[in-house]
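Written below as structure tokens is the structure these notes are about.
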Amino acid sequence: MLTCIIRNNGEDNVIKLTYENLWNELKDITDSKLIVSDHWFTDLDKVKTPYVCFVEADCLVNSGYFSSQVGLFKKNPYFRKLAMLSSATGVND
């Protein structure tokens, strides 16, 4: 259902932590995949799922983030016309 591509920034420990955190969110979503790539777009030919999410190596998501967004697409067939769902973040300090 969803492929998440983590951009490899060369920080192995950061990528490992991000991979583990994202996999905890993706494991319950049918046919979800997680890819680590040097460039987001070079692995697009490997994607066989209808949805793709590009993330930085230090990406953090709340519990239920992916299931909530995928649920919105499933909820109403007209939502399939949406190009993307996105979140916004702000850093104060």
Side-chain angles (χ1 to χ4, degrees):
M1 168 79 40
L2 172 67
T3 299
C4 191
I5 300 176
I6 302 170
R7 194 176 121 251
N8 184 351
N9 67 352
E11 297 181 65
D12 293 338
N13 289 334
V14 174
I15 293 168
K16 182 180 182 231
L17 179 63
T18 300
Y19 191 98
E20 291 170 359
N21 288 338
L22 293 181
W23 181 245
N24 283 333
E25 294 302 314
L26 291 170
K27 67 183 178 191
D28 296 328
I29 298 175
T30 307
D31 296 326
S32 62
K33 302 200 181 335
L34 197 49
I35 298 172
V36 177
S37 178
D38 289 336
H39 305 283
W40 282 313
F41 303 121
T42 56
D43 285 322
L44 277 178
D45 57 342
K46 296 178 185 175
V47 174
K48 305 295 182 213
T49 59
Y51 305 112
V52 179
C53 178
F54 301 104
V55 298
E56 291 284 351
D58 59 353
C59 174
L60 297 173
V61 297
N62 288 339
S63 178
Y65 177 80
F66 293 114
S67 59
S68 174
Q69 290 201 5
V70 168
L72 287 173
F73 281 121
K74 288 178 165 181
K75 183 177 181 180
N76 184 332
Y78 294 110
F79 286 160
R80 293 289 308 244
K81 294 179 181 180
L82 292 173
M84 78 171 85
L85 294 174
S86 178
S87 61
T89 60
V91 177
N92 291 332
D93 298 307

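A quick note: this is a predicted structure, and the numbers were derived from the prediction, not measured.
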Are Val36 and Val52 linked, directly or through other ILVMFWY residues, by side chains that come within less than 4.5 angstrom of each other? no

The criterion is side-chain hydrogen bond (donor to acceptor under 3.5 Å, both in side chains); which residues satisfy it with Thr3, sequence neighbours excluded? Thr49

Report, one line per pair, each donor and acceptor closer than 3.5 Å where one atom sits in a side chain of residues 15-23; sequence neighbours left out.
{"from": "Thr18", "atom 1": "OG1", "to": "Val14", "atom 2": "O", "distance (Å)": "3.0"}
{"from": "Thr18", "atom 1": "OG1", "to": "Ala57", "atom 2": "O", "distance (Å)": "2.2"}
{"from": "Asn21", "atom 1": "ND2", "to": "Leu17", "atom 2": "O", "distance (Å)": "3.4"}

To the nearest 0.5 Å, what is the distance between CD1 (Ile5) and OG1 (Thr42)? 7.5 Å

Sort and list the pairs that fulfil salt bridge (charged side-chain N to carboxylate O under 4.0 Å, His left out) and have at least one residue in residues 57-72, not counting sequence neighbours. none

Treating Ile, Leu, Val, Met, Phe, Trp and Tyr as nodes and any side-chain heavy-atom pair under 4.5 angstrom as an edge, say whether Ile6 and Phe54 lie in one connected cluster. no

Single-linkage hydrophobic cluster Ile35~Leu2, side-chain heavy atoms < 4.5 angstrom: no

Which atom pairs, one a donor and one an acceptor, fall under 3.5 Å between side chains of residues 25-33 and the rest of the protein, sequence neighbours left out?
{"from": "Glu25", "atom 1": "OE1", "to": "Gly64", "atom 2": "N", "distance (Å)": "2.6"}
{"from": "Ser32", "atom 1": "OG", "to": "Leu26", "atom 2": "O", "distance (Å)": "2.6"}
{"from": "Ser32", "atom 1": "OG", "to": "Ile29", "atom 2": "O", "distance (Å)": "3.0"}

Tell me whether Val55 is reachable from Met1 by hopping between hydrophobic residues (I, L, V, M, F, W, Y) whose side-chain heavy atoms are closer than 4.5 Å. yes

Could you list all the salt bridge (charged side-chain N to carboxylate O under 4.0 Å, His left out) pairs where at least one residue sits in residues 63-73, not counting sequence neighbours? none

Applying salt bridge (charged side-chain N to carboxylate O under 4.0 Å, His left out), which residue pairs with at least one partner in residues 34-56 are found, sequence neighbours left out? Arg7-Glu56, Asp43-Lys46

